[in-house]
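Shown next, in structure tokens, is the structure this report addresses.
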Amino acid sequence: MGSVILDKSYQPDEVEKRWYDFWEKEQLFAASENKTQKTYSIVIPPPNVTGVLHMGHALNITLQDILCRYRRLKGDNVLWMPGTDHAGIATQNVVEKMLASKNTHRHQLGREKFIEAVWQWKEKYGSAIINQLKRMGASCDWQRERFTMDEGLSLAVRKVFVQLYNEGLIYRGKYIINWCPRCHTALADLEVDHDEVNGNLYHIRYPYPNSTKGLIIATTRPETMLGDTAMAVNPNDNRYVGLKNNTVILPLMNKEIPIIKDEYVDMSFGTGALKITPAHDPNDFEIGLRHKLPSIVVIGDDGKMTSEAGKYQGLDRTECRKAVVKDLEEQGLLVKIEPHMHSIGHCYRCKTIIEPNLSEQWFVKAKPLAEKAIAAVKSGETKIIPDTWANTYFDWLENIRDWCISRQIWWGHQIPAWTCTTCNELIVSMDTPTSCTACDSTQLVQESDVLDTWFSSALWPFSTMGWPEKTPLLKCFYPTSVLVTGFDILFFWVARMMMMGLHFMDDVPFKDVYVHALVRDEDGKKMSKSKGNVIDPITIIDNYGTDAFRFTLAAFAAQGRDVKMSEKRVEGYRHFVNKLWNAARFALMHLGEEQKELILKDLSLPDKWILSRLYSIIDSVTDALEEYRFNDAASTIYNFVWHEFCDWYLEAIKPILYEKDKKGCRTSTMSVMWRVLHDILIMLHPFMPFVTEEIWHKFPGTEDSILKTAFPANEESKAKKLKNKDAEVEMEIIEKVITGIRNIRGEMNINPSLSLTAAIHTIDSQITEIVDRYENIILDLAKLESLTVTDPQERPKFAAAAVIDGASIFVSLEGIIDFEKEAGRLEKELEKLDNELSTITKKLNNDSFITKAPDDVVKKVKKKYLALIEKQDKLKTNLDKTRSFANN
RNA sequence: GGGCGGGUAGCUCAGUUGGGAGAGCAUCGGCCUUACAAGCCGAGGGUCACAGGUUCAAGCCCUGUUCCGCCUACCA
């Protein structure tokens with residue numbers, strides 16, 4: 001008897017902590033830097049250091065961990081590089097809030113003190129997310145954990161900046177950028193979320209000088225008119241060809257501004273006249289450049305009107321709009337207000353409405369970098385999976401605009417540029433210069449802006465591996481094998497890593513990009529704090545265990561489809577974890593300590609069958625994982641474990657284990673049970689690391705951690721030998737006999753404890769043989785007292801009949817049979833059969849099907865037809881008999 | 001405006017070269033059968049969004065319509 005008795009149900013909490021500590025202590029996740037083995041590497045999408053784990057991380061981490069653990073089991077030298085991102089604006093916001101609660105402000109502290117405070121904050125809270133990743137079971141190489149603000153990574157940032165500047169790919173200039181008045185910084189175009197809002201279209205008359213007549217423009221932003229420096233019409237617009245006036249008066253400001261002609265103006269919109277505000281609209285800015293118009297900044301960095309706005313100075317931009325509209329109305333210049341749907345940009349960090357503002361910023365010239373990034377995916381050097389995302393990737397890169405990389409915040413990599421206050425020379429350098437390169441002055445002031453956080457994360461795949469040094473790590477693991485990420489950062493991060501990787505490493509940063517979906521709530525809505533539909537992964541883990549949670553995520557992670565998460569689903573997979581646990585519990589009750597090899601002598605049919613099935617499952621799971629079909633892999637194992645291994649195999653071998661079946665070889669059967677469960681544990685390990693490790697250690701014939709074992713593979717000729725089609729066919733016959741009998745029991749409401757006798761009528765020698773040989777399996781699983789095989793003869797009267805291919809089974813129900821009920825049951829069967837038969841008959845009566853369909857298809861259909869006819873015949877006979885019995 | 005994805009059982013979804021419509025959960029009926037009631041056995045339930053087309057054959061391929069979701073864009 002068995003060596004270890006497991007508890008009746010699996011208790012995850014204690015197990016998880018114990019094994020994670022063990023794995024870390026033994027350094028089982030550590031990558032080796034010598035390149036003798038096949039290598040496999042992934043860099044983690046670094047979570048924000050301020051962040052807490054959400055569902056998106058949970059899915060992302062689970063998928064990466066499945067890949068990493070799978071690859072280790074396959075024998076690869078795996079590096080999973082972990083780390084966090086300094087998340088400039090987000091982190092600064094958090095710390096500023098903290099300061100505000102202490103009634104202070106960053107400007108009160110000063111830059112240096114403030115940055116110090118952020119570092120302190122990071123040290124204190126920055127490990128929260130890392131600990132949460134560990135609770136997910138993430139098998140990262142924690143010794144190598146990186147942070148985007150680490151010294152090494154900061155050096156990489158400076159190096160990249162200086163080189164790009166010297167190559168002319170970074171420049172500084174005064175352009176319209178997206179300004180967040182609340183975060184008080186410029187943002188890249190990508191960092192602006194556009195939302196449709198119900199706004200108004202204000203029609204305003206700009207009078208000609210000394211006239212009450214004038215031109216009418218339409219605008220959604222009347223407050224910007226204070227900064228208008230022209231009015232524009234299309235040169236092809238007939239309405240304005242013979243225009244006498246070439247100026248209008250800007251209302252409220254009482255300033256004469258020119259009427260210019262520019263083809264940009266859309267003649268079909270409104271009156272075809274457009275007001276031009278070069279300092280507050282990107283298009284107007286371009287037009288302003290073309291026509292050498294002055295730019296007047298009327299809205300300041302704080303969102304309030306500047307002194308250029310005259311009497312509106314100091315008003316907030318929203319208040320100013322109201323005031324302007326009111327004044328225009330009073331002066332009779334407001335023609336009308338129309339409701340107008342349009343989209344408005346919001347800051348992606350704080351949701352404040354973005355202000356397009358003229359300001360001096362740093363930019364990356366993106367086009368040349370983008371071209372290489374496009375080519376690498378076109379040529380297949382990097383594969384995007386699912387490939388539908390490649391189109392999105394191309395579309396963005398092909399239309400890319402220059403990337404504004406400077407941010408007016410303090411937390412981040414300060415731009416390595418200095419201005420000489422004496423001669424105004426701009427110096428860009430890796431190291432802090434001591435004197436001006438032009439005039440030798442020592443009066444140098446460093447650029448106060450910091451870089452966009454995504455600038456440093458774009459370097460992540462190589463900066464984490466020690467670049468610009470030529471490290472062994474880079475040699476081993478760059479390019480990385482795959483990047484696993486959500487589509488929401490395809491442009492932010494993936495495309496930019498491609499650009500930087502190709503430029504600085506001269507090679508793609510990853511061979512595959514696996515783009516997974518978003519996790520939504522059970523109604524398919526995006527989870528958000530404001531909606532209150534957020535499910536906290538840690539709560540799920542507390543309640544259901546990490547393994548159940550991970551398996552749920554994997555099982556629902558179908559390519560191209562969002563994951564809808566609900567506790568109920570996790571609960572379902574917790575049952576699966578428990579099922580596995582109990583299968584192991586059962587096995588361990590029988591297995592002895594000494595069990596450690598597969599014995600192939602005297603195998604029973606269930607043994608041959610389950611081994612055959614095991615080896616096809618190994619193939620399917622392997623293929624699915626190689627192709628990132630996580631849900632396929634998960635459901636394949638799930639069905640195998642539950643419905644084949646537990647429902648059929650373990651039940652079928654009970655007669656042998658309990659030595660009721662004298663013909664069985666108990667030793668061999670136990671070895672098969674051992675081997676199949678052994679391989680199941682390994683295959684499930686990437687999905688459910690904790691429970692598999694726990695069982696593994698109680699399992700005979702195993703030593704050390706399950707992480708150190710090998711994934712079952714089919715390279716051996718053994719696999720070929722063990723795949724056994726005959727056994728699968730034979731087992732199917734047994735299953736059908738048993739199911740037929742069970743069906744009768746169920747339909748006739750016969751208590752399972754009641755033992756019955758049954759007879760099988762058949763002339764099929766294969767069925768006869770199998771039923772005879774494996775009688776006790778059938779007796780056991782169908783709860784029969786006896787089963788006799790006979791040639792077709794007079795059917796027993798008090799019996800219910802089940803018809804399968806090639807045989808009728810009569811279950812003796814003497815004294816309990818209800819002929820009416822039995823007739824009803826058979827009629828129902830017959831009806832189903834008739835339906836099937838009619839479609840198949842139609843096919844066979846169709847000449848073109850016979851002539852045009854491939855032979856094997858026709859053959860199959862004919863065979864099916866014959867089988868159905870035979871079945872129909874038997875059912876009819878049985879029905880007739882039953883009816884006649886009923887009437888007697 | 002452009003692009004992408006989706007509409008299959010009550011719910012969530014699978015369905016890999018076109019050839020017998022599936023799973024889980026939920027529902028109904030029967031069971032504490034010595035691994036598991038977080039379980040076992042059985043059953044019911046679908047015009048595969050709609051309309052055409054190609055084909056011997058369409059959930060799958062083509063065209064159109066419609067509904068939903070997402071991404072993207074400087075029409076004031």
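Atom set for the values below is all heavy atoms of this structure, side chains included, hydrogens, waters and symmetry mates excluded. Here is how names work: the chains are called A, B, and so on, in the same order as the sequence lines, proteins then strands, and each is numbered from 1.
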Handout entry: Base-pairing assignment for G69(B) (Watson-Crick or G-U wobble, both under 3.5 Å)
Key = C4(B)
Practice task
Counting Watson-Crick and G-U wobble pairs only, both distances under 3.5 Å, name the nucleotide matched with G10(B), or none.
Solution key: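 Pair assignment: G10(B) / C25(B).
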May I ask you to say what [X] touches in the nucleic acid, namely base, sugar-phosphate or nothing, with a heavy-atom cut-off under 4.0 Å?
| X | value |
| --- | --- |
| K8(A) | sugar-phosphate |
| E651(A) | base |
| N749(A) | sugar-phosphate |
| T388(A) | sugar-phosphate |

Problem - Spacing of the C1' atoms in G59(B) and G19(B) (rounded, Å) - result: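 Per the computed distance, 13 Å lies between those C1' atoms.
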Practice task
Take atom P in C75(B) and the same atom in C67(B), then report the distance between them in whole Å.
Solution key: 24 Å
Problem - Note: R290(A)-D262(A) ion pair, threshold 4.0 Å (strictly below) - result: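 Yes, charged N to carboxylate O under 4.0 Å.
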Completion exercise
5'-most contact on RNA chain B (nearest-nucleotide basis), H342(A) vs Y573(A), goes to Y573(A)
Exercise for the section: Would you mind telling me which residue lines up with the more 5' stretch of RNA chain B, F269(A) or L190(A), judged by nearest nucleotide? Expected result: L190(A)
Exercise for the section: Confirm from the modelled atom types if Y264(A) and C75(B) form a donor-acceptor pair under 3.5 Å, side chain to base only. Expected result: no
Handout entry: Integer-rounded Å distance: G24(B) P and L553(A) CG
Key = 20 Å
Practice task
Whole angstrom is fine here: how far is it from NZ in K579(A) over to P in C36(B)?
Solution key: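 Taking NZ of K579(A) and P of C36(B), I get 10 Å after rounding.
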Problem - Matching residue for C404(A) among L187(A), I177(A), D189(A) - test: side chain to side chain contact (heavy atoms under 4.5 Å, CB included) - result: I177(A)
Practice task
May I ask you to test the D228(A)-Y206(A) pair for a side-chain heavy-atom distance under 4.5 Å?
Solution key: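 Yes, close enough: below the 4.5 Å cut-off.
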